Amino acid sequence: MSFFPRRKDILMVTPWLAPIVWNGTFDIDILNAQFHQRGVRIGLTVFAIKKYVQFIQQFLETAEKFFMVGHQVNYYVLTDQPSKMPNITLGERRQLIVLEVPAYKRWQDITMRRMQIIRDYTCEQYVNEVDYLVCADVDMKYTDHVGVEILSEVFGAIHPGFFMASRKDFTNERRPQSAGYIPHDEGDFYYTGSYFGGTVEEIYKLTNHCHHAMLADKEKNMEALWHDESYLNRYFLYYKPTKVLSPEYVWNYYYGDPTVIQKKRFIVVPKDYAKVRDKR
Ligand code: 5GW
Ligand code: MN
């Protein structure tokens, strides 16, 4: 029955013919064989700054169970407190690389400057060590398989709050003067800022572009509505992702447990905002 669609309840391909990755639509054995044949190396970048260091242990421990099992993985943890990084026993061909980065005062800068920092390390380091980069928030944990099915030239993930929403309700930046601007009648999906990736070269282009958009707005004393997420959405409007991850890959139980989301593979860890965020 290989000629019939594997699922009929969801969109499996974008209008520009990029796959949308859902449970039941791929054969992981075929994909693993292809990626092993190429000896693919994967980098996972994650920032743990200030109080967010408390999330890193669970993040890494669950990644060991579910993320790219059987493949070569470099974890790049970018932190202002290298001494607080946990001692974790890693599986074969998996290593942890801790990179010290500054802690910006404003939280908006902590999240937005990730673009600049990732960009800088792509030419300095990542390009020599890995083929693909996956860039993730740290306030997350893996709860089910996430493998090479996500990998492609450049990919984004659909925000769990917006996969059923109409585009006029996407929380895009709507001021035309902003470098994150998207008109109400444009935008394909609303992508999360918490998860994206691609080849090292494509991630260089993406992060460099988003960083410059942020700087251009700064010149005008502006900041896009949802910070780096807004610039990322604008980028994906004009440079379409070659693969789109369904919200299985960044689920948040705040949005309940709809049946169409058959697996929750990577989920948001609820935060006690008073404990993790400084008042600013
Ligand atoms: C602190 C206060 C408010 C918002 C963000 C931060 C913060 C973010 C921080 O103090 N330290 C830090 O490492 N981050 C990084 O930015 C984490 O990797 C975090 O997952 C990412 C995005 O910030 P989040 O997760 O608070 O954003 P949402 O939109 O997922 O809630
Ligand atoms: Mn987050």
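Just follow the structure's listing: the first ligand is 1, and inside any ligand the first atom is 1. The structure displayed is predicted, hence computed values, not measured ones.
In this model, no donor atom of one side chain and acceptor atom of the other lie less than 3.5 Å apart for Asn172 and Arg167. In this structure, a donor-acceptor pair under 3.5 Å is absent between the side chains of His159 and Asn252. Defined by atom type and a distance below 3.5 Å, a donor-acceptor pair is present between the side-chain atoms of Tyr190 and Glu229. For the residue pair Tyr76/Gln125, the side-chain donor-acceptor check at 3.5 Å is not satisfied. Under 3.5 Å, the side chains of Glu64 and Tyr75 contain a donor-acceptor pair of N or O atoms.
Taking the charged nitrogens against the carboxylate oxygens, Lys51 and Asp272 have no contact shorter than 4.0 Å, which rules out a salt bridge. Contact check on Arg175 versus Asp217 returns no salt bridge, with no Lys/Arg side-chain nitrogen under 4.0 Å from an Asp/Glu carboxylate oxygen.
In terms of polar-atom proximity, Ala136 is not counted as a contact of ligand 1, lacking any N or O under 3.5 Å from an N or O of the ligand. In terms of polar-atom proximity, defined here as any N/O pair under 3.5 Å, Asp137 does make such a contact with ligand 1.
Screening Val250, Val46, Thr62 for a side chain to side chain contact (heavy atoms under 4.5 Å, CB included) involving Met140 leaves a single residue, Val250. Partner of Gln116 under the side chain to side chain contact (heavy atoms under 4.5 Å, CB included) criterion, out of Met112, Arg114, Arg119: Arg119 alone.
Every atom of ligand 1 is numbered from 1 in the order shown, and the set under 4.0 Å from a heavy atom of Ile110 is 7 (C), 8 (C), 9 (C), 10 (O), 11 (N), 12 (C), 14 (N). Counting atoms of ligand 1 from 1 in the listed order, those under 4.0 Å from a heavy atom of Asp139 are 20 (O), 25 (O), 30 (O). Ligand-side atoms of ligand 1 in range of Thr111: 5 (C), 16 (O), 22 (C), 23 (O), range being under 4.0 angstrom from any heavy atom. For ligand 1, the atoms lying closer than 4.0 Å to a non-hydrogen atom of Ala48 are 13 (O).
Protein atoms of type N/O/S that fall under 2.8 Å from the Mn ion (ligand 2) number 3 in this view.
The closest approach between any non-hydrogen atom of Lys271 and ligand 1 is below 4.0 Å. Ligand 1 is approached by Arg114 to a heavy-atom distance shorter than 4.0 Å.
Considering Tyr52, Tyr104, Phe47 only, the shortest heavy-atom separation from atom 26 (O) of ligand 1 involves Tyr52.
Geometric assessment of Arg38 against the ring of Phe35 yields a positive cation-pi assignment under the 6.0 Å and 45° thresholds.
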